[in-house]
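Structure record follows, encoded as structure tokens.
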Amino acid sequence: MIEYQSFTLDNGLQVLVHEDPSTSLAAVNILYNVGSRDESEHKTGFAHLFEHLMFGGSKHIDSYDQPLQHVGGENNAFTTPDITNYYLTLPAPNLETAFWLESDRMLSLSFDPQVLEVQRKVVIEEFKQRYLNQPYGDVWLKLRPIAYQLHPYRWATIGKDISHIENATMQDVRDFFKKFYHPANAILVVAGNVKYQQVCQLAGKWFGGIKAGPAYRRDLPQEPIQSESRIIKVSADVPLDAFYQVYHIPPRFTESYHQADLISDILGRGKSSKLYQTLVKERQMFSAISSYITGSLDPGLMVIQGQLLEGFSCDQGHRAVREIIDEMLTTEVTEEELQKVKNQAESSLVFGKVPLLNRAMNLALGALVGDADYINKEDTIIQDIKAEDIMALAPQILRENNSTTMYYQKQS
Amino acid sequence: MLNRSLPPPSYAVDHVNLIEAVPFKLDNGVPGHYINAGAQPVIRLEFIFNAGKKYQQLPGVSYFTGKMLQEGTATWNAKELNSTFDNLGAFLEVVPGFDYITVTIHHLTKHLQQLLPIIKEMLYQPLLGLEELNNLKQIKYQQLQVDLQRNNFVASRKFRKILFGEDHPYSGNLDLESIKTIQNQHIKTHYSQYMSGDYQIIASGQISEAQIDFINKTLGEEPYNIIAASPQNPIRYREQEVLIEKEDSMQSSIRVGMPTISRDHEDYWKLAVVNEILGGYFGSRLMKNIREEKGYTYGIHSALSHLNDHSMFFIGTEVKKAYRAHTIFEIHREIKKLQRELISLEELQTVTNYMAGAFASEVDSPFALADKFKTLHFSGLNYSHYGDLFDTLKTITPHEVLEVARKYLDPQRFSSVVVG
């Protein structure tokens with residue numbers, strides 16, 4: 001059980017407090033309700049570029065990192081298609097420093113042109129390091145726009161293209177800040193060796209005076225139900241052929257999302273899964289294969305990915321994967337199989353609660369969708385799933401005309 | 001009116017209370033330690049064998065011997081073995097390292113009794129079958145082909161070869177040819193020489209004497225064969241500069257560094273502070289210079305890396321190709337600066353405060369506590385080593401930083417590797 005208390009400031013900032021006196025640390029997590037799905041299709045990669053700018057100094061404080069390091073703290077942030085999340089830990093007695101720093105950058109950034117110029121370069125190097133200068137690094141840059149045709153999940157968080165990063169202007173930065181970075185569009189979680197009353201007082205003191213911004217109404221084009229199977233073949237300078245296949249699944253924080261998760265686990269989680277056992281061990285066709293789901297807030301994807309062994313083609317791999325899926329759709333899920341994936345899920349949830357920061361992040365994400373307590377209900381929801389639920393949902397997801405397949409082939 | 005320009009009062013971390021590891025011995029003499037901590041009902045069990053690369057006869061032998069533990073036992077084939085772990089939601093991982101092969105199982109505390117007999121069989125009666133080995137070889141051959149396309153992978157390997165010498169076991173890199181030459185007999189020999197009954201246990205999480213008793217009951221009757229320590233392999237270091245050009249690469253992977261002192265050296269923590277200033281944290285001089293001022297890279301770091309027999313200091317980064325020469329120039333410039341100019345008290349205090357806080361956050365879970373213990377244990381140190389850290393953080397002066405930078409960072413003795 002993860003205990004927490006919550007309150008909301010007059011300006012709309014939601015605050016959650018999770019007391020854990022067993023640690024000497026405090027963790028502070030601020031989730032901003034903006035991700036790459038909220039970008040314009042002509043200015044992709046901006047939410048993430050903006051995340052970098054949040055460290056370039058704020059209205060009254062030249063540097064974000066230095067004062068935090070000076071009190072023994074460390075921090076980082078990440079951007080996903082759904083959210084931008086900033087987090088830090090520091091010795092609990094120095095908690096107020098975190099409030100000082102976080103509230104000042106929510107109040108206003110420095111908007112220093114030099115910071116934009118440098119971070120633009122840094123992000124371009126990040127783009128190369130992670131996506132372009134790595135074997136298979138560009139898979140998602142190419143696969144997303146085929147799997148999604150309308151929803152903004154069709155571009156990757158890093159952006160569609162380096163040129164979008166190159167063209168970002170200071171006016172874009174100011175507009176983005178105004179639209180998304182204000183109290184009502186954020187969730188603050190304070191966890192660790194802290195007290196509820198102390199957090200109430202500090203939140204009021206540092207965040208209370210920040211003006212409420214206009215509510216952000218998200219109105220994204222939703223992805224229509226896919227009705228034809230899609231395939232894309234690319235070739236690149238890689239040593240081996242790789243196979244990717246994705247299926248649309250229900251959104252996170254729904255019951256059917258967890259059912260989809262168990263379906264992907266039965267198919268491809270771990271060495272005893274159907275895909276691994278059959279295709280790596282028995283038929284020795286793949287060197288690795290697994291399946292998992294993206295944890296998106298709008299409908300996400302189930303992903304099957306594998307690398308083929310020398311001598312087998314993507315086409316052969318594709319057919320073999322389909323055979324396993326067809327077999328799964330026509331055979332009852334056994335109780336043993338279901339219990340296995342439930343146990344795996346239970347284990348992941350319990351281990352996920354070990355780090356203090358994870359607890360803080362999960363509370364924030366739950367609060368974003370209106371139920372912070374979800375972290376305490378998730379396991380029951382999973383344990384209550386029945387074989388019939390799986391058998392009913394699996395054919396809806398794993399139908400061929402809900403699939404997008406990518407053959408990532410080595411250049412001949 | 002709130003004054004936002006002034007930082008709130010702050011306090012330095014002057015010590016951290018660690019939960020210390022408790023030693024135990026199984027009836028057969030196998031040594032172990034456990035750390036009972038944390039609010040979640042989980043355990044991490046580690047079985048650590050002196051069987052890493054350092055001991056192998058041929059490149060790849062240690063790697064494959066470790067991985068073969070997961071490929072079936074006398075009674076259970078690989079599928080049954082892995083199904084048992086998966087069925088209980090346990091995560092099994094074998095990590096073949098430079099010094100050790102570590103078998104790690106993360107599981108819920110309630111499943112210990114069901115898991116342990118299987119773990120026992122895996123450790124004592126692995127199948128080591130030919131067919132399984134051939135399958136693993138085939139898979140590894142392919143993975144290695146992919147890895148060899150990564151600049152940072154190639155750079156790290158080449159750098160270790162220079163630091164330790166071509167023939168040193170630590171440089172015994174698995175290459176595509178050596179995978180082919182591995183025979184089942186190599187695996188069986190490595191197992192029987194280094195892994196049959198000589199290991200130690202580190203357990204962390206919600207684990208108490210009752211669980212230790214159960215471990216003893218299950219494993220304590222097996223024979224414990226103490227294996228003689230392997231001889232130290234001296235390193236043959238000669239500085240080199242290597243450039244592996246890759247025409248179509250957008251970035252270059254860079255390593256720069258030299259051998260350094262071990263953890264038990266009296267200047268160790270002072271050198272750790274110097275390393276931190278240079279490239280050990282996000283606010284380091286290299287990060288400020290190469291990333292935050294010039295935008296050449298997504299990240300640049302320096303580190304002290306310790307193996308049982310040898311230690312190294314190095315700087316690593318991936319930079320835009322056009323700037324690779326200038327980056328190396330700037331690395332040398334930053335080191336000269338550390339050796340010529342006294343650090344300001346403010347910067348030094350930021351670094352020491354940061355290191356104290358980072359240490360506190362590094363001991364924030366039972367597994368992290370166990371990692372901190374392992375660092376001590378396998379370097380022959382005790383908990384006072386961490387007391388020494390806090391003493392150093394409190395007392396180190398700008399002059400000491402300068403002296404230590406002069407003494408242990410010698411650009412004349414640096415080697416560099418550039419790939420891409």
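This is a predicted model, so every value here is computed, not measured.
Ranked by heavy-atom pairs under 4.5 Å with chain A, the first of B/Glu346, B/Gln40, B/Glu293, B/Lys140 is B/Gln40. By number of non-hydrogen pairs under 4.5 angstrom with chain A, the leading residue of B/Gly38, B/Ala358, B/Pro366 is B/Ala358. For the set A/Val341, A/Asn94, A/Leu95, the count of heavy-atom pairs under 4.5 angstrom toward chain B peaks at A/Asn94. Interface check for chain A: of the options B/Pro8, B/Gly89, B/Ser365, B/Ser5, the most heavy-atom pairs under 4.5 Å are formed by B/Pro8. Interface check for chain B: of the options A/Leu101, A/Ile124, A/Thr23, A/Val118, the most heavy-atom pairs under 4.5 Å are formed by A/Val118. The most heavy-atom pairs under 4.5 Å with chain A, out of B/Ala356, B/Gly295, B/Ala90, come from B/Gly295. Ranked by heavy-atom pairs under 4.5 Å with chain B, the list A/Leu240, A/Val71, A/Val354, A/Thr89 is led by A/Leu240. Most heavy-atom pairs under 4.5 Å with chain A: of the set B/Val13, B/Asn82, B/Asn87, this distinction falls to B/Asn87. Contact count versus chain B (heavy atoms, under 4.5 Å) is highest, among A/Ser103, A/Ala27, A/Pro67, for A/Ser103.
Nearest approach of A/Leu25 to B/Ser361, heavy atoms of both residues: CD1-CA, 3.5 Å. Closest heavy-atom contact between B/Pro41 and A/Val350: CD-CG1, 3.9 Å. Considering every non-hydrogen atom in both B/Met250 and A/Leu132, the closest pair reads SD-CB, 3.6 Å. Minimum heavy-atom separation, A/Glu125 to B/Val319: OE1-C, 4.0 Å. Closest of all the heavy-atom pairs between B/Arg4 and A/Ile210 is NH2-CG1, 4.2 Å. Of all non-hydrogen atoms in B/Asn3 and A/Trp206, the two that sit nearest each other are O-CH2, 4.4 Å.
For a residue to count as touching a neighbouring chain, one of its non-hydrogen atoms must lie under 4.5 Å from one of that chain's; by this rule B/Tyr296 touches chain A with the backbone only. Heavy atoms of A/Lys342 lying under 4.5 Å from chain B are absent altogether. In this structure, the portion of A/Ile2 lying under 4.5 Å from any heavy atom of chain B is its side chain and not its backbone. Residue contact with chain B, scored on non-hydrogen atoms closer than 4.5 Å, involves the backbone and the side chain of A/Pro93 alike. Proximity to chain A involves both the backbone and the side chain of B/Ala360, based on heavy atoms less than 4.5 angstrom apart. Only the side chain of B/Glu71 comes within less than 4.5 Å of a heavy atom in chain A; its backbone stays farther off. Proximity to chain B (any heavy atom under 4.5 Å) is shown, for A/Ser58, by neither the backbone nor the side chain. Contacts between A/Val123 and chain B at a heavy-atom distance below 4.5 Å are absent for every atom of the residue. Residue contact with chain B, scored on non-hydrogen atoms closer than 4.5 Å, involves the side chain of A/Leu107 exclusively. Of the two parts of B/Leu6, only the backbone, made up of N, CA, C and O, holds a non-hydrogen atom closer than 4.5 Å to a non-hydrogen atom of chain A. Proximity to chain A (any heavy atom under 4.5 Å) is restricted, for B/His107, to the backbone atoms N, CA, C and O. In this structure, chain A has no heavy atom under 4.5 Å from any part of B/Glu132. Heavy-atom distances place no part of A/Asn76 under 4.5 Å from chain B, backbone and side chain included. Proximity to chain B is absent for every atom of A/Leu90, based on heavy atoms less than 4.5 angstrom apart. The part of A/Gln277 that comes within reach of chain B is its side chain, from C-beta onward, which places non-hydrogen atoms under 4.5 angstrom from that chain. The contact between A/Ser348 and chain B is made by backbone and side chain atoms together, counting heavy-atom distances below 4.5 Å. With a 4.5 Å cut-off on non-hydrogen atoms, A/Ser22 does not touch chain B at all. Heavy atoms of B/Ile290 lying under 4.5 Å from chain A are absent altogether. Residue B/Glu80: no heavy atom, backbone or side chain, is found under 4.5 Å from chain A. The contact between B/Lys110 and chain A is made entirely by side chain atoms (from C-beta outward), counting heavy-atom distances below 4.5 Å. Only the side chain of A/Gln134 comes within contact range of chain B, judged by heavy atoms closer than 4.5 Å. Only the side chain of B/Phe367 comes within contact range of chain A, judged by heavy atoms closer than 4.5 Å. Using a 4.5 Å cut-off between heavy atoms, B/Phe91 touches chain A through its side chain atoms alone. Within the 4.5 angstrom heavy-atom criterion, only side-chain atoms of A/Asp65, from C-beta onward, approach chain B.
Residues A/Trp100 and B/Pro7 meet the side-chain proximity criterion, which asks for heavy atoms closer than 4.5 Å. Using a 4.5 Å heavy-atom cutoff, the side chains of A/Arg130 and B/Tyr298 are in contact. In this structure, A/Gln119 and B/Glu292 have side chains that are in contact, with non-hydrogen atoms separated by less than 4.5 Å. Considering only heavy atoms from C-beta on, A/Ser287 stays 4.5 Å or farther from B/Gln138 through its side chain. In this structure the side chain of B/Lys294 never reaches within 4.5 angstrom of the side chain of A/Lys121, judged on heavy atoms. For the pair B/Asn353 and A/Gln69, the minimum side-chain heavy-atom distance is 4.5 Å or more. For the pair B/Asp364 and A/Leu356, the minimum side-chain heavy-atom distance is below 4.5 Å. Looking at B/Asn151 and A/Asn133, their side chains come closer than 4.5 Å, going by heavy atoms from C-beta outward.
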For the pair B/Thr297 and A/Val122, evaluate side chain to side chain contact (heavy atoms under 4.5 Å, CB included) and give the outcome as yes or no after the intermediate values. CA-CA 6 Å; B/Thr297 181; A/Val122 169; over 6 Å; no

Check the pair B/Phe282, A/Phe55 against side chain to side chain contact (heavy atoms under 4.5 Å, CB included), reporting the backbone distance first and the verdict last. CA-CA 11 Å; B/Phe282 197 90; A/Phe55 295 91; 5.9 Å; no

Show the numbers, then the answer: is there a side chain to side chain contact (heavy atoms under 4.5 Å, CB included) between A/Val238 and B/Val146? CA-CA 7 Å; A/Val238 291; B/Val146 178; over 6 Å; no

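Atom CG of B/Asp86 and atom OG of A/Ser273 lie 7.5 Å apart (nearest 0.5 Å). Interatomic distance, CD of B/Gln251 versus NZ of A/Lys128, reported as 6.0 Å (0.5 Å rounding). Atom-to-atom distance recorded for A/Phe286:CZ and B/Gln142:CD is 11.0 Å, nearest 0.5 angstrom.
For B/Tyr354 and A/His70, the ring centers are positioned 6.0 Å apart or more.
Within 6.0 Å of the NZ atom in B/Lys79, the count of heavy atoms belonging to other residues, nucleotides or ligands does not exceed 12. The number of heavy-atom neighbours closer than 6.0 Å to CD of A/Glu336, taken from other residues, nucleotides and ligands shown, is 12 or below. Residue B/Glu362 places its CD atom among more than 12 non-hydrogen atoms of other residues, nucleotides or ligands, all under 6.0 Å distant.
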